[in-house]
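Predicted model, so just to flag it, every value in this text is computed and none were measured. Below, all heavy atoms of this structure are taken into account, side chains as well, without hydrogens, waters or symmetry copies.
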Amino acid sequence: MGTGLRTFCIFMLFGILVAGNIAAQTGGTVTTRDAKKDRLLQEYYDRLERERQDQETGQDLPETYHKQMMKSPDYRSPQYFPDTTGQRAMIPDSLRMMKLDTLADSLKFDSLYYLGDTLLADTIPDTLVPFGYDMFDIAPGLDMPSEVADIEGYILGPGDNIYIFLWGKVEQQYDLTIDREGKVFVPKIGEVAAWGLSIGEFEKQLKGRLSKVYSDFSLSVSLGKIRSIRVYLTGEVKKPGAYTVSSLLTLYNAMYLAGGPNPRGSLRDVRLIRNGKVEKSVDLYDFLLKGNSEGDVRLSSGDAVFVPVASARVAIDGEINRPAIYEIKDGEKAANLVEMAGGPTSRAFIRKITIARISPLNERIILNVNLKPEIGEIVDYPLQSGDSVYVFSVDETLENTVTIAGVVKQPGRYEWTDSMTVADLVRLGELHARNVYFDRANLYRKYANLTREIIPVDLNKVLNGTQNFQLRDHDSLHVYRWNEINPHKYVYIEGEVKYPGEYSLFNNMTVADLIFLAGDFTRDAYQLNIELARPDTTGRVTIHKFDRAAEEIENFQLAENDYVFVRKRPDQFLHQLASVEGEVRFPGQYALLSRDETLYDLIQRAGGFTDRAFPKGIIFYRESIGESLIRQNLPSIIERSAPIREDSLGNIKPVEFIKFNQDNVNRVIINMEELLKSEGKKGDIKLRGDDYIYVPRIPSGVSVLGAVGAEGTIKYESGRKVKSYIQLAGNFSRNADKGAVRLIKADGQVFSGGSTIGKKVELGDAIVVPTEIKKERDWLKITSTIFSIVGGALTTILVIDRL
């Protein structure tokens with residue numbers, strides 16, 4: 001390849017790379033980068049849209065509705081069974097011990113089954129927790145001591161430090177450490193084996209050896225520094241791993257160091273593995289329930305403590321001292337579980353203990369247990385994993401009783417006799433005077449074959465004697481509230497009434513009644529066209545219209561969910577006020593005479609301008625302008641129109657370049673010269689309520705602000721231009737943006753751009769010189785990048801040249 005051609009290629013490649021790099025750093029067009037910006041921008045807009053939709057739809061509506069419901073006077077908290085296991089259904093007292101498949105379809109209960117003689121949950125109660133695991137919880141700030149056992153039975157080994165004391169005819173003291181061979185060297189007698197011996201055994205052996213050298217002496221041996229061992233905690237423990245601990249450590253201590261078993265771990269089969277074999281299996285229940293620590297053993301270096309998954313667990317609840325979930329071993333029965341759980345309470349009925357179990361066919365079955373030997377023989381069963389045991393109360397097994405509940409003054413159980421009737425039970429319960437649903441009460445009856453029946457009872461007939469029948473043992477009567485069967489009905493009213501909203505529907509309630517309850521009409525109400533919307537069962541809506549003066553409004557009866565609308569009078573114009581302040585003869589508030597009254601008219605009513613007035617600088621505010629722009633969603637449009645800036649991590653953020661200010665948009669610019677010259681025929685504006693007009697005094701001159709030598713107000717001279725006033729203010733400063741000078745006229749008009757500097761200035765005008773925004777560039781980084789690219793290009797040319 002020729003030298004000239006190589007040189008040309010180098011310069012061309014260099015130019016292309018440098019130009020591309022500078023374009024990328026200064027905002028040049030790069031397809032991949034632009035595509036990434038487009039994607040990020042779209043993601044940002046999508047996120048804004050999702051947030052806006054969430055705010056409009058109200059994602060927290062369910063929580064808000066729940067809080068409102070809880071405040072309602074008609075809301076009643078669920079009443080749960082106090083006498084069965086883990087019930088989660090809200091049912092009346094009279095439905096206790098009922099078979100669910102015989103109840104009316106309208107009554108639904110979750111997770112309940114009829115098991116033997118009562119209702120039990122189909123799962124272990126949520127309130128029960130596994131027994132014994134909290135024993136290993138160590139309070140914050142407390143550490144496990146490393147040496148937590150006594151030295152009785154301690155076996156010496158390499159690394160142990162022992163102290164030997166001799167007294168009598170010989171006074172000696174030795175500080176010795178057992179070497180790797182398990183021996184210590186004692187002066188006068190030589191090496192003595194210590195490994196594998198207890199302190200007592202070593203002391204006896206040592207005394208025998210020393211007796212051959214000394215006579216008439218006494219001897220004592222004690223432990224000094226104890227050796228460290230490494231043990232392993234594995235399986236279902238909270239903190240498994242290898243631990244370097246004192247050789248005094250026992251299995252119980254090691255379990256504490258590991259935080260105890262995790263929720264899956266067994267407490268009844270903790271295994272000590274030594275030399276690859278299970279040395280011992282420890283049942284921690286012996287220690288937890290009886291305080292028996294005989295199962296604790298001292299660990300040796302290399303030992304592993306393994307906690308397997310708990311094999312079988314059962315739950316026990318009811319009249320028991322320690323309800324919980326327990327781990328069981330093969331062959332253990334309900335009696336063993338009752339003993340583990342602290343025994344029955346004084347109210348327990350131990351002739352009636354039930355075991356709820358899932359059969360091999362995945363069916364729920366019940367087993368009845370009798371642990372009272374003096375009444376029949378003991379009936380007990382081996383437990384299986386997943387069993388749920390319940391110990392009943394004596395209150396749940398009362399005989400010769402009937403029950404009444406609901407809207408009665410004296411609910412509860414009553415003695416049953418053979419001749420007792422429904423009327424007798426109603427008389428004992430004493431019906432409330434109000435809110436009783438007489439058309440139907442429910443009598444729940446249990447038969448000897450454990451089937452159940454609902455018998456409807458008409459209380460009207462019971463009270464007048466036309467329906468009455470005898471009760472049976474364990475019958476239960478439930479009297480319903482009227483509100484339970486017939487919920488509250490409501491009607492609604494909106495518009496020009498004092499208290500619009502929701503109202504209870506009363507019997508024979510009319511449109512006039514509803515208007516009266518709502519505080520009657522406001523003074524702006526249009527009473528000639530009151531509208532009522534009534535939905536039917538198909539969802540269609542029928543409209544009825546009324547005149548307040550007509551008789552029909554007094555007689556037309558309302559129905560549930562009727563909606564009444566009272567419109568505002570279309571021609572209402574009552575006390576619309578506008579304010580005039582400043583340099584007028586009679587400043588203050590004025591009531592507008594009509595919808596057509598104008599600014600010129602109001603100034604004339606205010607006595608015209610004073611001699612000090614500056615009409616050209618009049619300020620006119622209308623608050624409804626900003627409110628209208630907000631209703632048009634202008635702030636959101638401005639937010640979405642903001643430019644996006646991407647940082648070095650690829651995150652994009654909006655740059656706020658326009659901040660919506662409601663007060664700033666409320667001013668209306670008016671050409672007062674044209675208005676006054678035409679005597680209100682040109683440039684006038686019709687007034688509205690709450691309009692505000694301010695007439696300033698004659699200004700002192702022309703104000704010059706911003707990036708100039710000296711800000712201030714300069715005396716006005718006719719014919720001078722913007723440039724002249726800037727020169728009088730000390731001319732432009734170094735950082736002035738000369739091309740963005742703004743001329744703000746006294747009437748609110750603003751001129752900007754390059755031609756502004758040549759415009760004539762009038763009295764009351766203001767000149768603003770903004771500061772230039774300079775973009776900083778990291779020239780060191782750009783230069784470094786260029787040299788890096790040039791080096792790469794030269795390397796490429798060299799490779800090409802050698803091909």
Side-chain angles (χ1 to χ4, degrees), residues 52-75 482-483 486-577 591-592 595 622-636 662 688-690:
R52 183 186 66 79
Q53 291 177 355
D54 290 346
Q55 293 175 356
E56 291 179 355
T57 55
Q59 292 299 316
D60 59 343
L61 182 61
E63 181 180 356
T64 303
Y65 176 77
H66 176 70
K67 291 179 180 178
Q68 293 174 350
M69 182 182 69
M70 292 290 288
K71 294 178 181 178
S72 170
D74 295 325
Y75 177 80
W482 174 270
N483 294 342
N486 296 288
H488 285 297
K489 297 180 180 180
Y490 297 94
V491 290
Y492 308 87
I493 185 169
E494 295 292 341
E496 296 302 317
V497 290
K498 292 180 182 178
Y499 309 111
E502 177 187 87
Y503 290 86
S504 295
L505 176 64
F506 299 96
N507 292 335
N508 303 319
M509 186 176 181
T510 66
V511 177
D513 295 332
L514 178 59
I515 294 172
F516 178 79
L517 290 175
D520 215 338
F521 299 108
T522 66
R523 61 186 178 183
D524 295 335
Y526 185 61
Q527 302 180 24
L528 302 179
N529 187 17
I530 302 168
E531 188 175 275
L532 182 146
R534 172 171 293 177
D536 59 18
T537 56
T538 63
R540 291 179 298 182
V541 177
T542 304
I543 301 297
H544 301 270
K545 295 185 178 182
F546 307 95
D547 184 342
R548 180 66 180 91
E551 185 178 348
E552 185 182 10
I553 196 172
E554 301 285 348
N555 300 322
F556 191 91
Q557 292 189 0
L558 296 173
E560 184 180 9
N561 293 325
D562 277 356
Y563 225 116
V564 176
F565 299 93
V566 180
R567 311 296 181 189
K568 191 173 183 177
R569 280 196 290 179
D571 57 347
Q572 179 71 8
F573 189 78
L574 182 64
H575 297 317
Q576 299 288 318
L577 302 180
L592 300 182
R595 299 181 189 276
R622 177 167 289 170
E623 292 185 1
S624 60
I625 295 175
E627 295 171 357
S628 176
L629 293 176
I630 291 175
R631 283 194 293 268
Q632 296 174 23
N633 202 27
L634 184 64
S636 177
Q662 182 177 345
R688 299 179 184 175
D690 295 328

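Shown here is E623, whose CD atom has no more than 12 heavy atoms of other residues, nucleotides or ligands within 6.0 Å. Counting non-hydrogen atoms of other residues, nucleotides and ligands closer than 6.0 Å to CD of E502 gives a total above 12. Atom CG of D690 is surrounded by 12 or fewer heavy atoms from other residues, nucleotides or ligands within 6.0 Å.
In this view, E627 satisfies the salt bridge (charged side-chain N to carboxylate O under 4.0 Å, His left out) rule with no residue, not counting sequence neighbours.
In this structure, a donor-acceptor pair under 3.5 Å is present between the side chains of T538 and D536.
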task = Output, in order, the C-alpha distance, side-chain angles, deciding distance and verdict of side chain to side chain contact (heavy atoms under 4.5 Å, CB included) for L558 and L532.
result = CA-CA 9 Å; L558 296 173; L532 182 146; 3.4 Å; yes
Side chain to side chain contact (heavy atoms under 4.5 Å, CB included) between I530 and I515, worked out = CA-CA 10 Å; I530 302 168; I515 294 172; 4.1 Å; yes
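Nearest approach of I553 to R548, heavy atoms of both residues: CG2-O, 3.8 Å. The two residues K498 and G519 come nearest to each other via the heavy atoms CD-O, 3.0 Å. In this structure, N529 and K545 approach most closely via the heavy-atom pair OD1-CD, 3.4 Å. Residue G689 comes nearest to L592 through the heavy atom pair N-CD1, 4.0 Å, listed as atom of the first residue, atom of the second, then distance. In terms of heavy-atom proximity, S504 sits nearest to V491 at O-CG2, 4.5 Å. Looking at every heavy atom in both residues, P535 comes nearest to D562 through CD-OD1, 4.5 Å.
For the side-chain hydrogen bond (donor to acceptor under 3.5 Å, both in side chains) with R567, the qualifying choice from E531, E496, Q527, E494 is E531, the only one to do so.
Of the possible donor and acceptor atoms, one in the side chain of R569 sits under 3.5 Å from a partner among the backbone N and O of R523.
Y492 is not listed as a side-chain neighbour of L514, based on a closest heavy-atom distance of 4.5 Å or more.
Summarising the geometry, atom OH belonging to Y499 is positioned 11.0 Å from atom CG belonging to D520; distances are rounded to the nearest 0.5 Å. Going from atom CG of N507 over to atom NZ of K489 covers 8.5 Å, rounded to the nearest 0.5 Å.
For residues 502-553, every residue pair satisfying the ring-ring contact (aromatic ring centres under 6.0 Å, His included) rule, not counting sequence neighbours, is listed here: H544-F556, F546-F556.
Taking a cutoff of 4.0 Å between a charged side-chain nitrogen and a carboxylate oxygen, R534 and E560 do not qualify as a salt bridge.
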